[in-house]
Number of protein chains: 2
Amino acid sequence: MHVSSQLRHDQPTRHRHNPGDVLSSLAMTTRYGRGQEIYTQDHPAEHWYRVVSGAARRFTVQVNGRRQIVDFLLPGDFFGLASRNVHLFAVEAIVEGTIVAAYPRERAEALADANPHLGREIRTVTAAEIARLQTRILILGRIGSLGKVSAFLLEMAERLSSRTQASKAGEGILLPMSRYDIADYLTLSVETVSRALTSLKQRGAIRLVGTRRVKIIHYDALEDSDE
Amino acid sequence: MHVSSQLRHDQPTRHRHNPGDVLSSLAMTTRYGRGQEIYTQDHPAEHWYRVVSGAARRFTVQVNGRRQIVDFLLPGDFFGLASRNVHLFAVEAIVEGTIVAAYPRERAEALADANPHLGREIRTVTAAEIARLQTRILILGRIGSLGKVSAFLLEMAERLSSRTQASKAGEGILLPMSRYDIADYLTLSVETVSRALTSLKQRGAIRLVGTRRVKIIHYDALEDSDE
DNA sequence: CGTGCGATTGACTATGTTCAACCGAGGTGG
DNA sequence: CCACCTCGGTTGAACATAGTCAATCGCACG
């Protein structure tokens, strides 16, 4: 099996209602500024969340001060479903004006008890979170900075373009996060991320417009960036 | 917050019934030999599974031939809940005589529709899988072989001793997996894993009895193995 | 228009991988 | 029953790759 398909998530299953449809009656949406925290580590887990627009990072800070980004949360992603008591990680908005919907956990669970359809919905989004984390582990598991950065770009292209993004044809994708975020996501130094990107650019695999917009030219070249 | 608590899972919540209690009526248990496959990559996801005894590895083989172990599955762990259609990874038994319970997915889901308690159970075990994967990402995210191997040992001590294991007092833990498995789990070479272990042994942080039995002497020393 | 942060590039260093040899326990077959 | 073979594990030396330190660039925002 080819790596590209490993990194590709399950196609979202068609529902009679969209995921979150039933839940949406409970939703409280909030707007966050750049870098603003949505919840902190060890915060009581009173809600489930879903990114409506913008982007967020889930992370933890190690004892040595290094920040480890556990995953990026993009429009459509649910998060915070894992915790029973307190959130294990903090979540911050990445871009200005990120909109997040919050669902009171207890009420959602109670609703799910009475409504099997909602129960299935929750299992679906939870399964999606598991799939996301597993592909994440695959990316982290790659050795070599080129492979990691390539896999990261493919993941983002996949996740961003399947969402709204409205990426008009050949404009590529617009990364919502900084090089530092990417570095903390891939467990690399910023310098290495930067070098990997210039390397990919120089060999014609990608094109960079400004610093945040990336157009993938040769998918194969990225997928083959093992080691 | 100290790293040790980050790597520690949520304490298993008390249930009136044990997790899997309702499910157990559907269970089919099977016995597997050392290295025997439980399911392959791309196999239709017709069942959920739970490890009863023994141990298993979930993994994928990259294009370059490297084997990446996504996670280890120990007694009590549910797995295979993520997939809606096909399993993204293969699973193999690690030790001779591993017992695995299989639950037909469709029937379990149907049962969950009618039984809210089962629905909550499923959400609980799924949340546990998410927590496991997230701590996994933290371990992978550590830089430096000492930190990774230390975190691995702490994770195993935690997961194994909370299960049956019957680790009589000072006997330490019995690792079910080989050095090669550990290497593919941590994305290190076997040699580096071996060196890290001898290093930890020499500085008195752990004691090795034979090659598989590990006794952790100084938890602090392991936890502080940053970098 | 200036300031500051994010990004890039370079030189040196540290850390892990690779290649290779060796060891030891367990299992098999003569 | 013992020799041998294989596989898992450890150790050593040379090499490769990413991290660190440092300087510079440039874009965005005030």
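Both backbone and side-chain heavy atoms feed into the values below; hydrogens, waters and symmetry mates do not. A note on names: the letters A, B, ... follow the listed sequences, proteins ahead of strands, and every chain is numbered from 1.
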- Task: Check whether any side-chain nitrogen or oxygen of B/S145 sits under 4.0 Å from OP1 or OP2 of C/dG16, and answer yes or no.
- Result: yes
- Report the residues that fulfil side chain to side chain contact (heavy atoms under 4.5 Å, CB included) with A/A127, sequence neighbours left out, ordered by chain and then residue number. none
- Query: Do A/R136 and A/Y185 meet the cation-pi criteria used here (NZ or CZ under 6.0 Å from the six-membered ring centre, within 45° of the axis)?
  - Reply: yes
- Message: What is the separation between atom CD1 on B/I143 and atom P on D/dA18, rounded to the nearest whole Å?
- Response: 15 Å
- Message: Which residues pass the side chain to side chain donor-acceptor pair (under 3.5 Å) test with A/Y49, not counting sequence neighbours?
- Response: none
- Message: For B/T126, give me all partners under side chain to side chain donor-acceptor pair (under 3.5 Å), at least two apart in sequence or on another chain.
- Response: none
- Axis-to-axis angle between the two ends of the helix from C/dC1-D/dG30 to C/dG30-D/dC1 (five base pairs per end, rounded to 10 degrees): 40°
- Message: The criterion is side chain to side chain donor-acceptor pair (under 3.5 Å); which residues satisfy it with A/R31, sequence neighbours excluded?
- Response: none
- Message: Holding to side chain to side chain donor-acceptor pair (under 3.5 Å), I want the full list of residues that pass it with A/S194, two or more places apart in sequence or in another chain.
- Response: none
- Query: B/L188 CG to D/dT17 P: how many Å, rounded?
  - Reply: 17 Å
- Euclidean distance, atom CG of residue A/L186 to atom P of D/dT17 [Å, nearest integer]: 18 Å
- Rounded to the nearest angstrom, tell me the gap between atom CG in B/N64 and atom P in C/dT18. 10 Å
- Item | Nearest-Å distance for atom pair CZ/P, residues A/R142 and D/dT17 | 16 Å
- Message: Going by the rule side chain to side chain contact (heavy atoms under 4.5 Å, CB included), which residues pair with A/Q134 if we only count those two or more places apart in sequence or in a different chain?
- Response: A/I130, B/R58, B/V70, B/A82, B/L88, B/F89, B/E129, B/L133
- Task: Using a 4.0 Å heavy-atom cut-off, write out nucleotides 2-8 of chain C from 5' to 3' as B (base contacted by protein), S (sugar-phosphate only) or - (no contact).
- Result: ----SSB
- Task: Among residues two or more places apart or on two chains, list those pairs meeting salt bridge (Lys or Arg N to Asp or Glu O under 4.0 Å) that have a residue in residues 189-202 of chain A.
- Result: none
- Query: With a non-hydrogen cut-off below 4.0 angstrom, is B/T187 in contact with a base, only sugar-phosphate, or nothing?
  - Reply: sugar-phosphate
